[in-house]
Amino acid sequence: MKLAARYNSKETEAKWYPHWMEKKYFASKPDDREAFSVVIPPPNVTGVLHMGHMLNNTIQDILIRKARLDGKNACWVPGTDHASIATEAKVVRKLRAQGIKKGDLSREEFLKHAWDWTDEYGGKILLQLRKLGASCDWDRTAFTMDDTRSKQVIQVFVDLYNKGKLYRGLRMVNWDPEAQTVLSNEEVIHGDEDSFLYHLRYKIDHGGEESLELARLARQIKQVKRTVASYKPLSNGRGVYNKSTYNSFRNQLAKLEKEYAEKEAAYNWLTIATKRPETIMGDTAIAVHPDDPRYAHLKGKRAIVPLIGRSVPIIFDDYVDMEFGTGALKVTPAHDPNDYEIGLRHKLEVIDTIADNGTLNEKAQIHIGKDRFEARDLVKADLEAAGNLVRLEPYQSSIGRSERTGAVVEPKLSLQWYVDMKQIAAPALDAVMTDEIEFFPKKYKNTYRHWMDNIRDWCISRQLWWGHQIPAWYYNGEVFVGTTAADALKLAQEKFGNQVTLADLKQDEDVLDTWFSSWLWPFSVFDGLEAGGEVDYYYPTSVLVTGWDIIFLWVARMAMAGYEWKGTLPFKHVYFTGMVRDPQGRKMSKSLGNSPDALKLIEDYGADGVRFGMMSCSPAGGDLLFDTKLCEQGAAFSNKMWQALRLIKGWEISEQPVTEDLGKVNALAAKWLDQRLSQILLETDSNFTEYRLSEVTMDLYKFIFGDFCGWYLEIIKPPYGSPIDRASYNQAIEFFEQLMTMLHPIMPFVTEEIWHQLKERKDGEDCIASQYPKAGNIDAVFLKNFETVKDTISKIREIRQKNQLKSYEPLKTFVQASESATTFFEIAGMKELLQKMAALESLTFTTEEPANTVNFISGTEKFYVELNLTIDVEAEKERITKELEYTKGFLISVDKKLSNERFVNNAPAKVVENERNKQADAVAKIAILEESLTKLN
RNA sequence: GAGAGUGUAGCUCAGUUGGUUUAGAGCAUUACCUUGACAGGGUAGGGGUCGGGGGUUCGAAUCCCUCCACUCUCACCA
């Protein structure tokens, strides 16, 4: 069978995924092997695959495939979450486009639409993951709102409530007026935005009491005014008119009027600064600092809220910052968390002037029904007209927006359900601090601890319909929590008697936060809230792979849930991936349009190419600057391996050893590659342990490209038109096979294809189900010798290039006779290998310097290359001098160490010995170089 | 404001408890080669006083101090 000239990723990928599925390689059932389980971070059920998913899931697939090759029982559970806010928003938008308002529908009708939507778009993302090669156990696909998961969510709520770790409370919450629901702190994104600080003056209410000083000034002004008037020139032009006297009275009057204005302002007005003038209608106090001398005289006074004329107390509270703004603060307890606290301290009235949809309500008295931002402009204009707007100061401040809808979050006072986090956080914190749960990279431990130390209660109710409806029923002002309405009824009857019926109970309208389902994921996917069954085998899961951006939203909460219900950790390792960024380091975003289409990438470069591209630039936990060029490199790599396959498969095989020399060369090459393979396996092993996957990827890339294709195959490649012996051929196939298994986790498709092309395979023999090779012993001396011969080959090639000789033109070479040279070339096949790879006509031992040669040193051996052209003596001298200088400098640094007694005494013997070897080598090398130089002179 | 992290070649990054050459890789770049697996190739080369300064040590990219630059997280003063 003839192999295609180029590797075709599309054909291959279309072939192998269905094959793996058919063979059920992804499916896992508990058995006596060690379990390796991973749960997918559930994407939104209606989401589409983006770069973040690709990175995250490629990593999980690599870990799962590696575990499978290591003989573990690998189980990767896929699934999606219902994404309460996002999905409901999408459904509402779709209905609106059809002219249907959510408010016109019953809860049941709306949910019907939502499920239709979910069925239509749901799970698309999971199909896209298959394109990437994700080897999930699809039979286990879970959804946060399916029956199994829902049952556990409800049970957990009831359990927490009964344990007193869940409560309903009135709090200032983050309200999203667009989605019309509350958000947890973690769902609010803060960012600096330009706005204004409005300086507004409030009239002070003195309760009719007059200022004596002002009254005195007023009288004075009146008097002076009269005087000024009397000094007016007479109309007939003959009256008394002393200009200088007149002017002095005029000045006096101006001064008095100014003084009056100032005193009057200070006495009658108080200026505050605010970002939100539209909330003044909810003001119930003005606060100043108790130690502020500017306002000390206002004790016990009241102020009048502009536009609506409400009289509010002027209060004194430490919270106020004297330095900021005017040092006076309007207090609006309904619309600011800090103001609410002040309100509690001073028993202030709470006047909520903003409706759930962000418009002003009737309590605002003015501009009712106008949106809060429109109202801001209207109120500003009103204040300006009324003379209350003193100044407008440009100001940058942090604004919180909803993560899902982008709407500016409105602080709002409301009754919500909370999890008492302090009661459940402790074991989850300890686990991470003691590395029972290990974070990769470690630095996230700090972030985690900081959040856990300052943990706040978790608001879990959402004013939505799409989600798990809260299992709480109300009757007669009391709440009854149970898994079913019947349970709740029983509780109600215990309290109020049997006359209470199901119809009397009213279930809480709200649903639970989506994260309240996902925090159970590591065991809920195994239906494992209760012990027994599969959960005992798969839980705790082996590793969680996720982005650091959801460390609080998800990771920390899963840890808490794990300890709360399973009594132990949910995962042993957490590997945090970085964010995918564009080559300029910017976040991928829809608005920037810098996010490549994930499926298009797979289309263009193949899943293997994309996987390689993502992994090669993905430092453990660091952000990755994604460039499609890397995928190109991945695709090229697939082709490179394909070409190597074509090479080997193109060889004619001889059942007889071809020549003795070639047999020795091939055996030597095989021994070397085997040793190198062991080295790579050891490195790869430790890199996998530390999740340094980009290093695993690059090590294999370099090894296959360089050592395998560049050296090994070139060495064993038979001369043009000649066959290769059977043993060497089989050996090459075996190496190739091992390499495919090693690379399989990273590039599953191309490796599976080549693995099958290498040999005839029986049914059930597949790369995905093969065994990961194990490292053998490493002979360091041998490897060093092989490096020397490679170095010699390179140096001869360099000489060819410098002297413009063809790479295949045979050269006569000599090696300086020495004991070490003899030993070196006694290694079977070494001489023949050198001759073949450097295209030598001859290699002869010599004691004299042969005529017409240039020389070089490799290791400690001196080589001569005969050139049939005049040697540029000056150039040679320069080259040797340069090398001599370097070696001398090197020797000096080594000598320095060795002549230092403290080094010799304190450093480990191994280090000292190594330095002595370096010294000896350098001395020998210098001698050789100097000799050459002398001869040239 | 509090905390954390980063700074090594043109770019992206390794450098695994301080000692394997006077610091490595990939990409990019330069020169040359290339009818025989592969131009998505081969061979060879150039390129870094490891952010600056100081200290500890026989020895520092690595540990400590300090300064500079950038990034992130949390909390926010109206």
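Below, each value reflects all heavy atoms present in this structure, side chains not excepted, and no hydrogens, waters or symmetry copies. Within every chain, numbering begins at 1; the chains are lettered A, B, ... in the order of the sequence lines, protein sequences first and strands thereafter.
- Dashed line: the shortest gap from a side-chain N or O of A:Tyr448 to OP1 or OP2 of B:C74 is not under 4.0 Å.
- Of the candidate nucleotides B:A14, B:A37, B:A78, B:A78 has the atom nearest to the side chain of A:Leu329.
- For A:Leu625, the side-chain atoms get nearest to B:U12 when compared with the rest of B:U12, B:U21, B:A4.
- A:Arg800 contributes no side-chain N or O that forms a donor-acceptor pair with the base of B:U43 under 3.5 Å.
- Ion pairing of A:Arg676 with A:Glu787 is absent here, as no side-chain N (NZ or NE/NH1/NH2) approaches a carboxylate O to less than 4.0 Å.
- Using a 4.0 Å heavy-atom cutoff across all strands shown, A:Gln801 reaches at least one base atom of the nucleic acid.
- Between A:Asn687 and A:Lys888, the residue anchored nearer the 5' end of RNA chain B, judged by the nucleotide with its closest heavy atom, is A:Asn687.
- In this model, the phosphate group of B:U73 is not approached by any side-chain N or O of A:Thr447 to a distance below 4.0 Å at OP1 or OP2.
- By the 4.5 Å heavy-atom criterion applied to side chains, A:Phe703 and A:Leu739 are counted as neighbours.
- Using P as the reference atom, B:G59 and B:C72 are 40 Å apart when rounded to the nearest Å.
- Base pairing of B:U49 is not made with any nucleotide, judged by Watson-Crick or G-U wobble geometry with both donor-acceptor distances under 3.5 Å.
- Going from atom CZ of A:Phe626 over to atom C1' of B:C27 covers 14 Å, rounded to whole Å.
- Between A:Pro306 and A:Tyr202 there is a side-chain heavy-atom pair separated by less than 4.5 Å.
- Scanning atom types as modelled, no donor and acceptor separated by under 3.5 angstrom connect the side chain of A:Gln804 and the base of B:A31.
- Residue contacts shown for A:Phe637 are absent, as no nucleic acid heavy atom lies under 4.0 Å away.
- Here A:Lys649 lies out of heavy-atom contact (under 4.0 Å) with every strand.
- Comparing atom distances between the A:Ala644 side chain and each of B:G36, B:A37, B:U73 picks out B:A37 as nearest.
- Using a 4.0 Å heavy-atom criterion, one finds that A:Lys717 contacts the bases of the nucleic acid, with or without backbone contacts as well.
- One C1' atom belongs to B:A2, the other to B:G54, and the distance between them is 28 Å to the nearest Å.
- Comparing B:A37, B:U16, B:G45 by their closest approach to the side chain of A:Cys709 singles out B:A37.
- Atom CD1 in A:Ile715 sits about 12 Å away from atom P in B:U43, given to the nearest Å.
- Listed nucleotides B:C27, B:A37, B:G41 differ in distance to A:Ala636; the shortest reach to its side chain belongs to B:G41.
- For B:A31, the paired base is B:U43 (Watson-Crick or G-U wobble, both distances below 3.5 Å).
- We find that CE of A:Met698 is positioned 4 Å from C1' of B:G26, with the value rounded to whole Å.
- Distance from the side chain of A:Glu714 is smallest for B:A37 among the nucleotides B:U16, B:G36, B:A37.
- Nucleotide B:A60: unpaired (no Watson-Crick or G-U wobble partner with both distances less than 3.5 Å).
- In this entry B:G7 has B:C68 as its Watson-Crick or G-U wobble partner, both defining distances falling under 3.5 Å.
- For A:Arg372 and A:Glu410, the salt-bridge test passes: some basic side-chain N is under 4.0 Å from an acidic carboxylate O.
- Salt-bridge formation is detected for the pair A:Arg557/A:Glu186: a Lys NZ or Arg NE/NH1/NH2 atom is positioned less than 4.0 Å from an Asp or Glu carboxylate oxygen.
- A:Arg276 comes within contact range of no nucleotide atom at all, as no heavy-atom separation falls under 4.0 Å.
- Residue-level contact check: A:Asn446 touches the backbone only, with heavy atoms under 4.0 Å from sugar-phosphate atoms and none from bases.
- Base contact: A:Val320 has a heavy atom under 4.0 Å from a base atom.
- A:Ser807 contributes no side-chain N or O that forms a donor-acceptor pair with the base of B:C33 under 3.5 Å.
- Residue-level contact check: A:Ala635 touches the bases, meaning some heavy atom is under 4.0 Å from a base atom.
- The phosphate of B:A37 has neither OP1 nor OP2 within less than 4.0 Å of any side-chain N or O from A:Lys640.
- A:Ser398 comes within contact range of at least one nucleobase, with a heavy-atom separation under 4.0 Å.
- A gap of 11 Å separates the C1' atoms of B:U62 and B:U16, to the nearest Å.
- In terms of position on RNA chain B, the residue among A:Arg581 and A:Phe705 whose nearest nucleotide sits closer to the 5' end is A:Phe705.
- Under the Watson-Crick or G-U wobble criterion, with both distances below 3.5 Å, B:A2 is paired with B:U73.
- Ion pairing of A:Lys629 with A:Glu632 is absent here, as no side-chain N (NZ or NE/NH1/NH2) approaches a carboxylate O to less than 4.0 Å.
- Within the nucleic acid shown, A:Ser638 has no heavy atom closer than 4.0 Å to any nucleic acid atom.
- Taking 4.5 Å as the limit, some side-chain heavy atom of A:Pro333 sits within range of a side-chain heavy atom of A:Thr284.
- Among the heavy atoms of the strands lying under 4.0 Å from A:Gln633 are primed sugar atoms or P, OP1, OP2 only; no base atom is included.
- With a cut-off of 3.5 Å on both Watson-Crick or G-U wobble distances, the partner of B:G36 is given as none.
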Ring pair (Phe, Tyr, Trp, His ring centres under 6.0 Å) assessment of A:Tyr691 paired with A:His573: CA-CA 10 Å; A:Tyr691 296 96; A:His573 293 171; 5.6 Å; yes
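- Backbone-only contact: A:Tyr395 has heavy atoms under 4.0 Å from sugar-phosphate atoms and none from a base.
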